[in-house]
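Quick notes on the structure that follows.
Numbers restart at 1 for each chain; the letters A, B, ... are given by sequence-line order, proteins then strands.
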2 protein chains.
Amino acid sequence: MEVQARVGAHLQRRGLRWSSTRDAVVSAFLASPHHVTVDELLARARRREPGVGHATVYRTLRLLEEIGVALSHRFGDGPTRYEPAAGVPHHDHLVCTACGRVVEFVEPGIERLQEEVSRAAGYVVHAHRLEIHGRCPECRRGAREVTA
Amino acid sequence: MEVQARVGAHLQRRGLRWSSTRDAVVSAFLASPHHVTVDELLARARRREPGVGHATVYRTLRLLEEIGVALSHRFGDGPTRYEPAAGVPHHDHLVCTACGRVVEFVEPGIERLQEEVSRAAGYVVHAHRLEIHGRCPECRRGAREVTA
DNA sequence: GTCGCTGCAAAACGTTTGCATTTAG
DNA sequence: CTAAATGCAAACGTTTTGCAGCGAC
């Protein structure tokens with residue numbers, strides 16, 4: 001597993017350890033769809049390691065972010081959501097304001113213009129984040145309610 | 001004052017009232033720089049009406065957002081920040097990851113591409129939000145620390 | 001045997017809400 | 001007089017932290 005190896009290398013380099021709990025959380029993360037919440041991850045990790053506490057999930061996710069394997073987003077209100085950063089090309093998000101569904105998209109032109117703007121302002125870019133909020137096609141017909 | 005009139009009209013239309021506390025908060029908001037926090041607003045409002053509670057600031061800000069006079073942003077971690085929505089053209093934000101400074105910019109090409117992406121996906125856009133995170137020119141030279 | 005990791009509970013944080021009271025209309 | 005608005009404190013949901021014990025190396 002590519003990602004596991006990458007995580008392992010970082011842990012070793014920093015004198016950190018590989019535990020079965022950590023393995024359960026990382027595996028849960030890798031097996032999850034994009035934009036999972038900590039609670040969803042906790043439930044999945046507990047299927048393998050029933051005693052996992054939620055603090056551990058938070059701590060592990062922070063580690064994965066530092067390593068560059070996970071990305072976090074806060075769409076609208078609720079809890080922070082996580083997605084893989086490794087092996088997944090950069091993309092932006094379309095968020096439905098009615099049902100909460102999130103769609104990913106890539107628009108090279110936008111990426112390029114962002115680079116230009118940043119360069120012109122003299123910034124060294126670390127990250128960027130674009131969210132478009134609107135009603136998705138399904139929610140435009142019929143009174144579907146908020147689900148996610 | 002244009003904005004005050006707009007707020008007044010909405011209040012009347014909805015059977016809401018214009019109190020001196022509300023006036024203090026709205027004035028504080030209008031007199032503040034962009035991207036103020038609730039705490040900053042509270043401090044400023046208290047200069048005129050010392051007893052204001054923070055719940056009132058939150059409630060008033062929510063009202064201003066509903067009316068379309070204020071916009072909220074959550075850059076990175078901290079508290080929600082507010083800026084005027086009326087009379088200020090749409091813009092995006094460059095956030096310095098070192099000092100927290102926020103610069104506004106407009107890039108019509110990005111706006112246009114966002115519209116195209118949304119239309120292609122069948123979404124009806126309500127809002128969009130683009131943040132670019134990086135080191136600002138000042139923070140690139142010298143080890144300036146996080147301030148905001 | 002070290003020192004990092006863990007679960008738990010408690011704290012922290014920003015925000016919202018319930019309620020008794022005040023106040024605008 | 002009615003109902004909206006207020007301040008306070010308590011509640012909320014999410015995330016972080018302190019700590020004593022456990023477990024990897």
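Spacing between atom CD of Q12(B) and atom P of dA5(D) amounts to 13 Å, rounded to whole angstrom units. Protein atom CZ of R62(A) is 13 Å distant from nucleotide atom C1' of dT14(D), rounded to whole Å. In this structure, E40(A) atom CD and dT15(D) atom P are separated by 12 Å, rounded to whole Å. If you take CG of L63(B) and C1' of dT6(D), they are 14 Å apart, rounded to a whole angstrom. With rounding to whole Å, R22(B) atom CZ is found 4 Å from dA5(D) atom P.
One N or O on the side chain of E107(B) and one on the backbone of G109(B) form a donor-acceptor pair closer than 3.5 Å. A donor-acceptor contact shorter than 3.5 Å links the side chain of R22(B) to the backbone of R17(B). Of the possible polar contacts, one joining the R140(A) side chain to the G122(B) backbone as a donor-acceptor pair under 3.5 Å is found. A distance-only check finds a donor-acceptor pair linking the side chain of R46(B) to the backbone of V52(B) [under 3.5 Å].
A rotation axis mapping the C1' atoms of four pairs onto the next four is fitted at both ends of the helix from dG1(C)-dC25(D) to dG25(C)-dC1(D) over five pairs, and the angle between these axes is 30° to 10 degrees.
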Tabulated below should be each protein N or O lying under 3.5 Å from an N or O of nucleotides 22-25 of chain D; please produce it.
| residue | atom | partner | partner atom | Å |
| --- | --- | --- | --- | --- |
| dG23(D) | N2 | R17(A) | NH1 | 2.6 |
| dA24(D) | N3 | R17(A) | NH1 | 3.2 |
| dC25(D) | OP1 | W18(A) | N | 3.4 |

Close N or O pairs between protein and nucleotides 8-11 of chain D (under 3.5 Å):
none

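Note on R14(B): nothing from the nucleic acid sits closer than 4.0 angstrom, heavy atoms only. Among the atoms of the strands shown, none is found under 4.0 Å from any heavy atom of G78(B).
Scored by the ring-ring contact (aromatic ring centres under 6.0 Å, His included) test, F75(A) finds H35(A), H73(A), H93(A) as partners (sequence neighbours excluded).
Within 6.0 Å of the CD atom in E116(B), the count of heavy atoms belonging to other residues, nucleotides or ligands exceeds 12.
Considering every non-hydrogen atom in both A45(B) and A28(B), the closest pair reads N-CB, 3.9 Å. Across all non-hydrogen atoms, the minimal contact from V95(B) to G100(B) is CG1-O, 4.4 Å.
In this structure, E66(B) pairs ionically with R14(B), as a charged nitrogen and a carboxylate oxygen lie closer than 4.0 Å.
Remark: nothing in residues 68-77 of chain A comes within less than 4.0 Å of DNA chain C through any heavy atom.
Side-chain contact annotation: E40(A) with S32(A), donor-acceptor N/O pair under 3.5 Å absent. For the residue pair H133(A) / E131(A), a side-chain donor-acceptor distance below 3.5 Å is found, with atom types taken as modelled. Residues H126(A) and T97(B) bring a donor and an acceptor atom of their side chains to less than 3.5 Å of each other.
A distance of 4.0 Å separates CD of E49(A) from OG of S20(A), quoted to the nearest 0.5 Å. From L61(B), atom CG reaches atom OG of S72(B) across 8.0 Å, with rounding to the nearest 0.5 Å.
Ring orientation note: the planes of H34(A) and H91(A) are close to parallel, at an angle under 30° on the 30°/60° scale.
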Salt bridge (charged side-chain N to carboxylate O under 4.0 Å, His left out) between R48(A) and D23(A), worked out: CA-CA 10 Å; R48(A) 189 196 296 186; D23(A) 185 43; 2.9 Å; yes
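The span of DNA chain C lying next to chain B, judged by atoms under 4.0 Å from heavy atoms, is bounded 5' to 3' by dG14(C) to dG25(C).
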